[in-house]
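Worksheet: one structure, shown below.
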Number of protein chains: 2
Amino acid sequence: MSERFRVVSNINCQNCSISQLCLPYTLDDSSLNQLDNIIERKRPYHKGELIFQAGEPLRSLYAVRSGSFKSYSVSNDGDAQITAFHLPGDLIGFDSVHSSTYCSFSEALETSMVCEIPYANLETLSDQLPLLRRQVMRLMSSEISADKQLMSLLNNKSAEQRLATFLLDFSERFRSRGLSSREFRLSMTRAEIGNFLGLTVETVSRLLSKLHRESCITVDGKFIFLKDSPRLQDIAGLQLRACATS
Amino acid sequence: MSERFRVVSNINCQNCSISQLCLPYTLDDSSLNQLDNIIERKRPYHKGELIFQAGEPLRSLYAVRSGSFKSYSVSNDGDAQITAFHLPGDLIGFDSVHSSTYCSFSEALETSMVCEIPYANLETLSDQLPLLRRQVMRLMSSEISADKQLMSLLNNKSAEQRLATFLLDFSERFRSRGLSSREFRLSMTRAEIGNFLGLTVETVSRLLSKLHRESCITVDGKFIFLKDSPRLQDIAGLQLRACATS
DNA sequence: CGTACCTTTGACGAGGATCAACTCGGGTGG
DNA sequence: CCACCCGAGTTGATCCTCGTCAAAGGTACG
């Protein structure tokens with residue numbers, strides 16, 4: 001066997017397939033090594049396990065390595081609101097760095113792996129590596145931007161538009177990770193989709209059935225196949241005005 | 001007159017009353033001077049004037065000095081979504097730093113002043129001043145956190161709960177700026193409140209009337225007086241469970 | 001002082017929540 | 001191996017909040 005001695009070390013930033021979506025993006029080799037040195041990789045999380053809970057002291061940020069997670073917060077009156085679904089390459093915890101404690105929960109939706117980035121070390125390293133600092137800021141900015149878009153979705157769009165947008169969003173996210181954008185598996189339940197989109201389970205289920213009936217998509221449990229994504233985009237409200245005016 | 005020669009220089013970060021809400025927070029004197037040096041202060045913006053538009057190259061971030069602004073984005077199908085209202089001390093533009101162009105619009109709601117922070121200079125200075133970098137990250141994190149909370153508000157709460165939360169949010173923001181938390185003027189129109197909260201003008205107007213009728217608040221045009229803020233908090237869903245269990 | 005916009009209030013209807021019943025699949029224990 | 005259970009998902013019937021449409025003041029600003 002040509003395996004290296006430190007078997008665990010074959011998981012690292014230098015050879016990570018999704019590094020262009022993650023912290024390493026734009027980093028040179030030396031910086032990349034420094035970053036890789038502060039990252040800890042532990043046992044996988046199983047479905048339902050929490051990476052952290054609201055109220056715990058902020059130790060680390062986490063990058064999804066494989067699998068998926070949901071982040072949610074719990075309001076004073078006790079109901080949970082899912083604020084994001086995380087796929088490989090996504091960073092988790094930016095909403096908490098202004099505080100000394102986590103202000104949300106993050107839970108595995110399936111067996112998943114993460115790279116743990118101790119926050120104190122990231123701070124120190126960011127002071128030394130301007131490129132790293134900039135990438136952190138880019139990622140935070142992207143999250144802000146995405147949240148604003150989501151706000152617009154929740155405020156102005158119908159249930160059907162929300163769901164269509166949701167499916168297209170995941171399609172695009174899978175595509176950018178080198179997976180199929182036409183067929184994929186959604187690891188979350190209907191209830192979780194509904195919670196995220198501000199809809200009930202029943203509405204989500206009804207609309208998936210409707211889109212299936214209209215041959216727009218094929219639904220088989222958690223597996224989704226986009227049969228007619230142009231029409232899905234049309235439903236989502238991404239009208240191709242450019243076409244109309246040309 | 002004991003005024004300095006450079007009259008304009010009496011407006012600076014060193015003597016700014018809201019610096020603890022803004023970039024200068026935690027900075028030492030030397031750093032503060034360096035920050036102040038890169039900041040540009042220009043003519044006031046009048047109601048309706050844009051600081052920047054979506055698509056323009058990203059030049060600067062902006063800190064509100066006086067007055068107020070709204071930020072909004074315009075979706076493909078042409079309708080605008082207000083994503084934030086900005087009060088003095090707030091920073092504007094974090095949603096765009098992952099891009100080379102602004103991805104939203106920012107418009108004065110009344111005659112207002114801003115401090116312009118050229119982004120390239122902020123980048124350079126952040127490389128030199130770890131404290132500044134950390135404050136930028138804290139502010140970005142706070143914005144992410146606030147957006148998540150808003151998401152929860154829009155997804156789970158009734159129209160009345162949204163409006164009550166909105167009023168309490170502004171009350172708190174005015175308080176932290178040394179203004180009255182009981183009575184204040186909302187510089188935006190009912191339509192803008194509605195757009196932000198995912199409600200129609202009519203609903204906002206009706207609910208303000210209802211709260212007024214029930215002696216919870218007093219409404220006089222844009223002036224709001226919180227007569228019974230405990231009840232408003234109750235309506236907002238911030239139930240004081242702690243009391244119930246004690 | 002006129003015009004345009006903002007605000008308020010009423011009547012009505014639709015979209016999605018709620019309530020309820022049933023199916024399906026997987027895990028557990030007898 | 002099968003009975004049982006539990007959670008997830010689907011579908012139907014009904015209800016209610018809030019959006020839509022309409023019309024009448026109010027207010028601000030040139």
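Since this is a predicted model, take the numbers as computed values, not measurements. Residue numbering restarts at 1 for every chain, and letters A, B, ... go by the order of the sequence lines.
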* To do: Write down the distance between CD (A:E160) and P (C:dG15), rounded to a whole number of angstrom.
  => 11 Å
* Using atom CD of B:E110 as one end and atom P of D:dA28 as the other, report the distance to the nearest whole Å. => 14 Å
* Structure fact -> Whichever of B:L199 and B:K47 has the more 5' nearest nucleotide on DNA chain D, that residue is B:L199
* **Test side-chain contact (heavy atoms from CB on, under 4.5 Å) applied to A:I11 and A:R65, step by step** => CA-CA 10 Å; A:I11 297 178; A:R65 177 158 179 77; 3.1 Å; yes
* Nearest-Å distance for atom pair NZ/P, residues A:K157 and C:dG15 -> 17 Å
* Structure fact -> Rounded to whole Å, CZ of A:R162 lies from C1' of C:dA17 at a distance of 12 Å
* Taking CG from A:N155 and P from D:dG19, how many angstroms apart are they, rounded to a whole number? -> 10 Å
* Can you say whether the rings of A:Y45 and A:F69 are parallel (under 30°), tilted (30 to 60°) or perpendicular (over 60°)? -> perpendicular
* Touch class at under 4.0 angstrom, heavy-atom based, for B:G198 against every strand present -> sugar-phosphate
* Send over the distance from B:L163 CG to D:dG19 P, rounded to a whole Å. => 12 Å
* Answer yes if the side chains of B:S68 and B:S187 hold a donor-acceptor pair under 3.5 Å, and no otherwise. => yes
* Measure from the ring center of B:F196 to the ring center of B:F85 and say whether it is less than 6.0 Å. => yes
* To do: Could you tell me whether the side chains of B:D95 and B:S104 share a donor-acceptor contact shorter than 3.5 Å?
  => yes
* Figure out the CG/P separation between A:L197 and C:dA17, and round it to whole Å. => 11 Å
Close N or O pairs between protein and nucleotides 8-12 of chain D (under 3.5 Å):
residue, atom, partner, partner atom, Å
D:dG9, OP1, A:K222, NZ, 3.0
D:dG9, OP2, A:R190, N, 2.9
D:dT10, OP1, A:R190, NH2, 3.3
D:dT10, OP2, A:R190, NE, 2.9
D:dT10, OP2, A:S205, OG, 2.9
D:dT10, O5', A:S205, OG, 3.1
D:dT11, OP2, A:S209, OG, 2.5
D:dG12, N7, A:R206, NH1, 2.8
D:dG12, O6, A:R206, NH2, 3.4

* Structure fact -> Residues at least two apart in sequence or cross-chain that pass side chain to side chain donor-acceptor pair (under 3.5 Å) with B:S181, listed by chain then number, are none
* Return the value, rounded to whole Å, for the distance between atom CG of B:N195 and atom P of C:dT7. => 13 Å
